[in-house]
J.: 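Sharing a structure here in structure tokens format.
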Protein chains: 2
Amino acid sequence: MSKQGSLLAMNAVTIKDVASAAGVSVATASRVLSGHPATSPDSRAKVESAAKELGFMPNAQARSLRSTKTDSIALLISDVRNPYFSDLAHAVEQHARAAGLMTFIGNANEDAAQQDDFLATMLSRRVDGLVIVPQGLNEESNQPSEMMNRVLSSGIPTIFVDRALPSVQVPAITANSAQALDEAVATLQSLGHQNIAFVGGPKHASTALERYSAFETALANNGLHADEALHFVGDFQPASGALAAKWLLENPAKPSAIIVADAPMAIGALRVWRELGVRVGSDLSVITFDEVDAMLIHDPPIATIGHDLSQMGKMAVQALREVMAGQKPEPEELISKFTLRPSVASAKATQVMEGKVRP
Amino acid sequence: MSKQGSLLAMNAVTIKDVASAAGVSVATASRVLSGHPATSPDSRAKVESAAKELGFMPNAQARSLRSTKTDSIALLISDVRNPYFSDLAHAVEQHARAAGLMTFIGNANEDAAQQDDFLATMLSRRVDGLVIVPQGLNEESNQPSEMMNRVLSSGIPTIFVDRALPSVQVPAITANSAQALDEAVATLQSLGHQNIAFVGGPKHASTALERYSAFETALANNGLHADEALHFVGDFQPASGALAAKWLLENPAKPSAIIVADAPMAIGALRVWRELGVRVGSDLSVITFDEVDAMLIHDPPIATIGHDLSQMGKMAVQALREVMAGQKPEPEELISKFTLRPSVASAKATQVMEGKVRP
DNA sequence: TTGTAAGCGTTATCAT
DNA sequence: ATGATAACGCTTACAA
């Protein structure tokens with residue numbers, strides 16, 4: 001009912017104020033407020049009401065300075081604006097929160113310097129654990145960055161998610177797309193496609209390697225032959241997808257189907273094809289990784305290879321908590337899922353272009 | 001070259017260790033490490049090399065416990081997975097980082113309880129400022145939540161972004177869509193559309209109110225009359241967009257054009273229309289708020305009313321820093337931008353359905 | 001320029 | 001069950 005009059009009333013109410021208001025010692029107040037068992041119902045009542053009355057907010061810095069735990073973890077992803085990662089971030093955050101952990105989301109922006117910057121900040125803040133989508137090894141040295149090494153040798157519980165770093169012994173939650181690509185290739189092949197192009201990611205990303213190698217295996221499994229001339233190496237960004245789209249149209253092998261390794265590249269490519277009048281689904285069959293909105297509302301809808309990001313986030317938090325508890329979790333693989341949509345079914349063996357679209 | 005042998009080497013190197021390794025007092029070490037002017041070149045050299053040698057990472061808790069500043073701000077958004085907000089988050093983060101501030105991104109999940117939870121955590125962590133997309137007033141009491149009131153009376157620098165709260169005196173960076181909607185309506189009208197439907201957002205969001213009222217004004221400006229029967233009240237989520245899509249098809253007024261107040265609803269709607277065979281761009285003209293990928297790759301591309309989120313983020317951080325510096329910034333409005341795309345141009349006055357699609 | 005020491009708000013230890 | 005007090009790692013008067 002009463003109004004707090006002071007304008008510049010900085011919230012300076014400490015546990016000391018609560019204690020004296022409740023007529024007990026700070027020790028007792030602390031015990032009550034942090035749920036310590038050794039407290040009498042009487043003091044519990046007094047302290048709790050005093051705390052509420054005064055609007056007491058414990059100072060997290062002070063608390064964790066003393067207790068050496070912060071009840072927080074950090075999640076480092078490559079790009080907040082990529083729906084794949086924002087879905088992952090959301091999942092990690094939800095599961096962490098359920099475990100009483102606050103999540104700091106950091107954005108590497110596909111940039112090693114920003115990655116290191118964020119890691120340094122998190123180390124300073126003494127987070128209790130780290131979930132990292134690693135940006136890959138240094139181009140020249142072929143080693144993890146200095147900051148990453150510091151993280152790894154610091155003993156702070158860490159797990160990788162989505163990607164892994166070769167030769168780095170950290171539990172990783174990754175996806176296995178072998179089965180999904182097998183299905184995808186088999187589907188395309190059964191529709192008569194012989195020349196299937198692949199737009200892959202940068203070689204520093206383990207996901208890019210895994211996807212391409214699974215693709216090669218899938219070709220072999222289906223009696224098709226891999227052809228480097230049908231492999232475009234992109235960088236997981238829309239601009240490289242646009243380049244890939246043109247590359248495809250000019251490809252002498254005239255591929256009639258294409259598999260794209262992530263949604264941003266697919267978006268870049270789809271835009272180009274639409275502008276050039278290539279009808280996806282009839283002129284060209286397209287399958288892409290990442291089941292995002294844009295693929296679902298496309299007409300016809302694009303067939304996708306998707307991941308249960310919610311599950312991936314859950315597994316990541318779970319694994320991290322095991323590490324935090326001193327256990328050593330096994331690396332786990334999530335099975336990617338292929339979802340067939342009309343776009344593929346309607347693409348029966350049409351050779352791309354047939355002279356009509358090619359410039 | 002040398003390998004750190006200890007497996008459980010928890011990073012316990014403090015400023016004390018640095019000081020003794022450098023042969024100076026902790027005070028001197030602290031001064032060097034935090035760039036205090038009163039330091040000799042000699043001790044600077046010694047301390048810096050010692051710190052590097054030992055891999056010293058200052059403990060952020062201890063530092064800010066003493067200095068009462070955390071060099072961090074919190075950003076509370078409605079939904080990380082909505083590209084609109086993840087773009088905004090990215091912009092805020094980039095500008096804050098440029099100002100030496102770490103950004104904690106929190107997700108209200110369009111839920112007042114999660115909003116309050118996050119705010120409490122941030123208050124505990126003593127962030128130096130808050131950028132908030134407010135979730136609206138309590139349905140019943142018509143008041144801000146208790147936690148929000150606590151934030152407002154705490155004196156901690158706060159600004160609102162995207163949305164505002166009526167009668168709450170906090171500087172807000174919002175968007176003004178009057179001009180964009182004027183253009184949009186004029187364009188539709190010049191194409192012959194008379195019955196333009198509007199799919200709006202929930203009334204607790206100030207953006208929903210602003211957009212609808214600007215739409216009404218735009219109708220009037222263009223000599224059209226507003227009609228409540230053409231107004232669908234959604235909740236900014238895909239599911240309500242799907243409902244709106246069906247509502248449109250069954251609407252007795254047979255609207256031939258529709259404006260949707262956000263991208264998630266538009267996505268829900270577009271999916272339904274595609275499934276029902278409604279050809280957007282010829283059977284129906286669609287304009288939507290939020291310039292996201294899905295609208296750009298749609299065939300035909302969807303006309304949008306977009307915002308420069310990067311600019312909005314910049315203005316938000318700027319305004320926040322002014323408040324932190326003790327100034328009182330004026331509320332600012334960003335002008336929304338209408339981008340015409342073929343989807344509208346190709347929609348010439350076709351009455352939706354014409355019997356053929358209606359169930 | 002440097003060192004000594006107090007103090008930030010908690011929790012943990014040790015008596016009682 | 002409770003209270004006094006040390007301690008967490010750092011910054012900052014205050015002295016020297």
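Predicted model, so just to flag it, every value in this text is computed and none were measured. First the proteins, then the strands, lettered A, B, ... as listed; each starts at 1.
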J.: Mind calculating the distance between CD1 (B:Ile15) and C1' (D:dC8) to the nearest angstrom?
T.: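 B:Ile15 atom CD1 is separated from D:dC8 atom C1' by 14 Å.
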J.: Which is true for B:Thr28 with a 4.0 Å heavy-atom rule: it touches a base, it touches only sugar-phosphate, or it touches nothing?
T.: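 Sugar-phosphate, backbone atoms only, no base.
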J.: Closer to the 5' end of DNA chain C via nearest nucleotide, is it B:Leu65 or B:Val26?
T.: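 Nearer the 5' end of the strand: B:Val26.
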J.: Which part of the nucleic acid does B:Ser43 contact within heavy-atom distance under 4.0 Å: base, sugar-phosphate only, or nothing?
T.: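 Result for B:Ser43 = sugar-phosphate.
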J.: Within this structure, what is the CD-to-C1' distance between A:Gln61 and D:dT11, rounded to whole angstrom?
T.: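 Atom CD in A:Gln61 sits about 14 Å away from atom C1' in D:dT11.
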J.: Assuming nearest nucleotide by heavy-atom distance, tell me which of B:Thr14 and A:Ala29 is located more 5' along DNA chain D.
T.: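 Nearest-nucleotide comparison on DNA chain D picks A:Ala29.
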J.: Between D:dG9, D:dG3, C:dT2, which nucleotide gets closest to the side-chain atoms of A:Val24?
T.: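 For the A:Val24 side chain, the nearest candidate turns out to be D:dG3.
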J.: Measuring to OP1 and OP2 of C:dT11, would you say a side-chain N or O of A:Ser30 lies under 4.0 angstrom away?
T.: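 For C:dT11, OP1/OP2 do have a side-chain N/O of A:Ser30 under 4.0 Å.
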J.: Can you confirm whether A:Val47 sits close enough to A:Leu33 that some side-chain heavy atom of one is under 4.5 Å from a side-chain heavy atom of the other?
T.: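 A:Val47 vs A:Leu33: side chains touch.
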J.: For B:Asp17 and D:dC8, what is the distance between atoms CG and C1' respectively, to the nearest whole Å?
T.: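 It is 14 Å, rounded to the nearest whole Å.
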J.: If you check the A:Ser25 side chain, which of D:dA1, D:dC10, D:dG3 turns out closest?
T.: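 Selected nucleotide: D:dG3.
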J.: By the 4.0 Å heavy-atom rule, please label B:Ser64 as base, sugar-phosphate, or nothing.
T.: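 Answer is nothing: B:Ser64 stays at 4.0 Å or more from every strand.
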J.: When only distance counts, do a donor and an acceptor, one from the side chain of B:Arg31 and one from the base of C:dG3, lie under 3.5 Å apart?
T.: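 Pair found.
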J.: So for A:Arg66 and C:dA12, does any side-chain atom that can act as donor or acceptor lie under 3.5 Å from a complementary atom in the base?
T.: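 No, the side chain and the base share no sub-3.5 Å donor-acceptor pair.
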J.: Figure out the CG/C1' separation between B:Leu33 and D:dG9, and round it to whole Å.
T.: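 After rounding, the gap between these two atoms is 12 Å.
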J.: Would you mind reading off the distance between A:Arg44 atom CZ and D:dA1 atom P, rounded to a whole angstrom?
T.: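 So the two atoms are 9 Å apart, to the nearest Å.
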J.: Tell me: CZ of B:Arg63 to C1' of C:dG9, nearest whole Å?
T.: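 It works out to 18 Å between those atoms.
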J.: Between B:Gln61 (side chain only) and A:Ala62 (backbone N and O only), is there a donor and an acceptor less than 3.5 Å apart?
T.: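 No, the answer is negative, given that no donor and acceptor are paired below the 3.5 Å cut-off.
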J.: Could you state the atom-to-atom distance from NZ of B:Lys69 to P of D:dT12 in whole Å?
T.: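 Checked: the NZ to P distance equals 9 Å.
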J.: With the threshold set at 4.0 Å, does a side-chain nitrogen-carboxylate oxygen contact exist between A:Lys52 and A:Glu48?
T.: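 A salt bridge is absent here (no side-chain N lies under 4.0 Å from a carboxylate O).
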J.: Roughly how many Å is it from CZ in A:Arg125 to C1' in D:dG9, rounded to a whole number?
T.: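 Value for this atom pair: 15 Å.
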J.: So does A:Ser40 get a side-chain nitrogen or oxygen closer than 4.0 Å to the phosphate oxygens (OP1/OP2) of D:dT2?
T.: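 Yes, A:Ser40 has a side-chain N/O under 4.0 Å of OP1/OP2 on D:dT2.
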J.: Please confirm whether the backbone N or O of A:Thr70 pairs with a side-chain atom of A:Asp128, one donor and one acceptor, at under 3.5 Å?
T.: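 Checked: pair present.
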J.: Looking at OG1 of A:Thr103 and CD1 of B:Ile105, how far apart are the two atoms once the value is rounded to the nearest 0.5 Å?
T.: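 Result: 11.5 Å between the selected atoms.
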J.: Find which nucleotide of DNA chain D each of A:Ala27 and A:Pro37 is nearest to by heavy atoms, and output the residue with the more 5' nucleotide.
T.: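 The answer here is A:Pro37.
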